[in-house]
Amino acid sequence: MKILENVIANKNLLFTDASTGVSTPVGTLYRSLGLNPVEKGLIFLYNDNQVPSIEVLLNFYGTAHAIAVLGQKLHPEFKERLEAEYRPKYIFDPSREEVQGYSLKEFSETVKIFAKEDYQPEVTIHPDIKILLSTSGTTGVPKLVKLSDENLYQNAVSILQYMPILESDVVPLNVPINFVYGFSIFTTNCMRAGRIVCTDKDIMQKAFWDEMEEYGYSTLGGVPYLYENLNRIGFFRKDSTSLRYMTHTGGVINAELRKTIFNYCLEFDKQFFAQYGQTEAGGRMAYLTTDGLLEEETSIGTPVHGGSFQIDEETDELLFLHSSISGGYANKLEDLSTYEQPKLLHTGDTGRRGQNGLYYITGRIKRIMKLFGIRLNLDEVEFILKNELEGNTVVCLNGNDKKIIVLYDNIEIDPQTITETIKNKLRINPQYVRTEHIKSFPLSQNGKINYPLLQNLQHENI
């Protein structure tokens with residue numbers, strides 16, 4: 001297991017419980033449960049980024065088990081449907097006192113795991129499958145992406161070619177590891193950094209900033225919506241002395257906010273890495289350094305080391321080549337018997353390559369609408385509006401190819417500014433634009449704006 005071997009090799013690594021301050025060396029934590037290394041099955045790990053979750057992950061990573069890393073806050077009925085579909089051998093979920101058909105076993109003083117009674121393996125899990133992560137946009141019983149240790153290791157090695165991680169770094173697990181971005185932050189920093197602080201606090205909570213001051217966090221990570229909120233509360237107006245660099249993924253940051261972040265980094269000697277990635281590629285696929293923030297607003301930069309992009313000539317879809325590409329999807333237990341790694345990953349994003357060698361995302365294939373026969377990219381409309389509105393958050397939706405629906409959450413925005421911008425920049429008559437104030441944008445579990453939900457909510461009004 002290359003990931004675990006490299007984590008263990010980082011001998012000075014400590015894992016700190018944010019709430020108690022108690023630290024445990026990696027050499028103690030990864031083998032604390034006394035597991036049989038050749039035992040094979042499927043474990044559901046409902047994660048909350050706290051020490052017991054990390055302890056279970058590291059211990060089971062060193063065995064032959066496949067590990068589905070899921071969110072602990074999933075609805076109980078959702079968990080039940082998922083467990084009925086996959087019938088895992090073990091379930092780690094501190095939020096529940098009992099699970100039907102399972103017995104609670106004590107593996108250590110702090111870790112209790114549900115074990116399936118009279119367990120009989122129904123399928124032979126493919127030996128390459130190590131980690132299962134849910135795709136970010138799924139509802140109901142999700143598709144799980146089948147990732148191998150080699151996938152994750154190759155992606156981590158690529159990231160470490162540009163990420164400035166130091167042995168002295170103190171890294172908060174503020175991004176859930178059940179999302180590929182959080183898992184990638186976890187693995188790369190476990191391989192290089194000096195301390196991982198296990199916390200369930202969100203960056204927008206005061207308690208998180210109290211912890212940051214106490215432990216001296218070196219880095220922060222988040223999706224664009226988080227940085228938009230940080231900008232709104234004035235984060236970029238003053239220095240955070242322990243902070244050395246920030247990372248982001250999950251969508252392009254608008255040009256106005258990029259300028260703000262660039263100026264912050266310049267004034268206070270920080271670094272910022274705008275990144276592009278998907279679960280199906282094990283994490284991060286491209287990156288843009290701080291200097292690149294002023295290039296163009298839609299740039300994702302250059303592919304990570306060992307990877308390359310192609311543009312489909314017919315559809316403009318961005319295609320990715322790298323050894324980190326996963327072995328397909330699982331929709332049920334039987335799908336875990338196979339692992340088939342394609343040479344190319346179809347990202348679902350449209351893109352182009354600039355003369356400067358940088359790549360640009362122009363939108364999602366599913367975010368294209370036709371307004372009276374005119375092809376319109378809703379992502380591009382959002383970029384234009386955000387830049388005009390000084391980085392304020394807006395969401396553009398398709399009104400049955402008859403209207404552009406624009407939602408905004410800042411009550412101080414004049415909706416006429418929105419319609420006039422679309423008219424002047426895109427030559428679209430305001431009568432085909434509907435604006436609406438929304439108190440707050442619903443978020444998916446990974447912190448991104450929940451576009452499918454917003455589209456469904458708007459459908460009855462279209």
Side-chain angles (χ1 to χ4, degrees), residues 18 49 163-166 169-176 179 181-182 185 189 193 195-197 199-276 287-295 297 382-383 385-395 408-413 439-444 446-449:
N49 275 23
M163 194 61 65
I165 302 172
L166 300 176
D169 279 342
V170 179
V171 181
L173 292 184
N174 66 286
V175 181
F179 301 116
Y181 176 37
I185 290 173
N189 282 283
R195 184 187 299 269
I196 305 294
V197 180
T199 178
D200 61 346
K201 303 298 187 299
D202 182 87
I203 281 184
M204 298 311 295
Q205 294 177 278
K206 181 182 181 298
F208 177 86
W209 300 106
D210 292 339
E211 291 176 0
M212 181 170 181
E213 185 174 346
E214 179 179 356
Y215 296 109
Y217 293 157
S218 308
T219 180
L220 295 175
V223 296
Y225 187 63
L226 177 112
Y227 286 106
E228 289 169 5
N229 278 326
L230 287 182
N231 186 39
R232 187 177 295 179
I233 64 175
F235 173 81
F236 298 112
R237 297 195 197 109
K238 60 182 180 178
D239 191 13
S240 296
T241 53
S242 65
L243 187 66
R244 291 198 307 108
Y245 72 95
M246 296 169 286
T247 66
H248 118 277
T249 190
V252 178
I253 293 177
N254 68 79
E256 195 66 31
L257 182 52
R258 283 189 177 204
K259 290 177 185 176
T260 298
I261 294 172
F262 177 84
N263 291 330
Y264 169 81
C265 291
L266 188 66
E267 182 177 357
F268 298 114
D269 192 26
K270 315 293 184 188
Q271 288 181 278
F272 189 89
F273 295 89
Q275 299 164 116
Y276 168 75
Y287 70 99
L288 192 73
T289 59
T290 312
D291 291 340
L293 291 175
L294 298 183
E295 286 286 338
E297 71 219 41
E382 279 187 16
F383 293 140
L385 288 173
K386 286 182 178 182
N387 293 338
E388 192 70 21
L389 298 171
E390 299 181 344
N392 276 285
T393 304
V394 296
V395 165
Y408 59 97
D409 64 347
N410 186 347
I411 194 66
E412 295 181 3
I413 290 177
K439 186 175 181 181
S440 63
F441 289 110
L443 304 180
S444 58
N446 58 4
K448 298 179 185 178
I449 292 174

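Owing to the predicted nature of the structure, the values given are computational and were not obtained by experimental measurement.
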Colleague: Would you name the heavy atoms of Arg258 and Gly292 that are closest together and state the gap between them?
Modeller: NH1-O, 4.1 Å

Colleague: Start with the C-alpha gap between Tyr181 and Thr247, add the side-chain angles, then the distance that decides, and say whether side-chain contact (heavy atoms from CB on, under 4.5 Å) holds.
Modeller: CA-CA 10 Å; Tyr181 176 37; Thr247 66; 2.6 Å; yes

Colleague: Is any side-chain heavy atom of Val171 closer than 4.5 Å to a side-chain heavy atom of Ile196?
Modeller: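 In short, these two side chains touch, coming nearer than 4.5 Å.
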
Colleague: Working to the nearest 0.5 angstrom, can you tell me the gap between Thr260 OG1 and Asn231 CG?
Modeller: 5.0 Å

Colleague: Just wondering, do Arg232 and Asn392 contact through their side chains at under 4.5 Å, heavy atoms?
Modeller: yes

Colleague: Could you walk me through whether Ile449 and Leu443 pass side-chain contact (heavy atoms from CB on, under 4.5 Å), step by step?
Modeller: CA-CA 4 Å; Ile449 292 174; Leu443 304 180; 4.1 Å; yes

Colleague: Using the ring pair (Phe, Tyr, Trp, His ring centres under 6.0 Å) definition, which of the options Phe262, Phe236, Tyr227 pairs with Phe272?
Modeller: Tyr227

Colleague: How about Glu211 and Asn174: do any of their side-chain heavy atoms sit closer than 4.5 Å?
Modeller: no

Colleague: Any idea which heavy atoms bring Ser242 and Met212 closest together, and the distance?
Modeller: OG-CE, 4.1 Å

Colleague: I want to check something: taking the side chain as every heavy atom from C-beta on, are Lys448 and Phe179 in contact at a cut-off of under 4.5 Å?
Modeller: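 No, their side chains stay 4.5 Å or more apart.
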
Colleague: Please report the closest heavy-atom contact between His248 and Ala274, naming both atoms and the distance.
Modeller: ND1-CA, 3.2 Å

Colleague: Looking at Asn229 and Leu226, would you say the former's side chain and the latter's main chain have a donor-acceptor pair under 3.5 Å?
Modeller: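 Side chain of Asn229 to backbone of Leu226, a donor-acceptor pair under 3.5 Å: no, none is there.
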
Colleague: Are any non-hydrogen side-chain atoms of Leu220 and Phe208 less than 4.5 angstrom apart?
Modeller: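 Sidechains of Phe208 and Leu220: in contact.
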
Colleague: Would you give the length of the straight line joining atom CG of Asn189 to atom OG1 of Thr219, rounded to the nearest 0.5 angstrom?
Modeller: 6.5 Å

Colleague: Are side-chain N/O atoms of Tyr245 and Thr290 paired as donor and acceptor at under 3.5 Å?
Modeller: no

Colleague: Starting from the C-alpha separation in whole Å, work towards a yes-or-no answer on side-chain contact (heavy atoms from CB on, under 4.5 Å) for Glu228 and Ile253.
Modeller: CA-CA 8 Å; Glu228 289 169 5; Ile253 293 177; over 6 Å; no

Colleague: Please report the interatomic distance CG(Leu385) to OH(Tyr408), rounded to the nearest 0.5 Å.
Modeller: 12.0 Å

Colleague: Are the side chains of Leu294 and Lys259 in contact, using a 4.5 Å heavy-atom criterion?
Modeller: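 Side-chain contact under 4.5 Å: yes.
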
Colleague: Hey, does the side chain of Asp200 reach the backbone of Asn49 with a donor-acceptor pair shorter than 3.5 angstrom?
Modeller: no

Colleague: Specify the closest pair of heavy atoms between Phe235 and Ser240, including all atoms of both residues, with the distance to one decimal.
Modeller: CE1-OG, 3.7 Å

Colleague: For residues Arg244 and Asp169, report the shortest heavy-atom separation together with the two atoms involved.
Modeller: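 Nearest heavy atoms, Arg244 then Asp169: NH2-OD2, 2.7 Å.
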
Colleague: Before giving the answer on side-chain contact (heavy atoms from CB on, under 4.5 Å), spell out for Val170 and Ser218 the whole-Å C-alpha distance, their side-chain angles and the decisive distance to 0.1 Å.
Modeller: CA-CA 5 Å; Val170 179; Ser218 308; 4.3 Å; yes

Colleague: Got a second to check how far Leu293's CG is from Ile261's CD1, nearest 0.5 Å?
Modeller: 6.5 Å

Colleague: Would you say the side-chain atoms of Arg195 pair up with the backbone N or O of Tyr215, donor to acceptor, closer than 3.5 Å?
Modeller: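 Checked: no pair found.
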
Colleague: For the CD atom on Gln205, are there more than 12 heavy atoms of other groups (residues, nucleotides or ligands in this structure) within a distance under 6.0 Å?
Modeller: yes

Colleague: So Phe273 and Thr289, do their side chains get closer than 4.5 Å, heavy atoms only?
Modeller: yes

Colleague: Does Lys201 reach the side chain of Trp209, with side-chain heavy atoms less than 4.5 Å apart?
Modeller: no

Colleague: Identify the heavy atoms of Thr393 and Lys386 that sit nearest to each other, and give their distance.
Modeller: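 For Thr393 versus Lys386, the nearest heavy atoms are CA-CE, 4.4 Å.
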
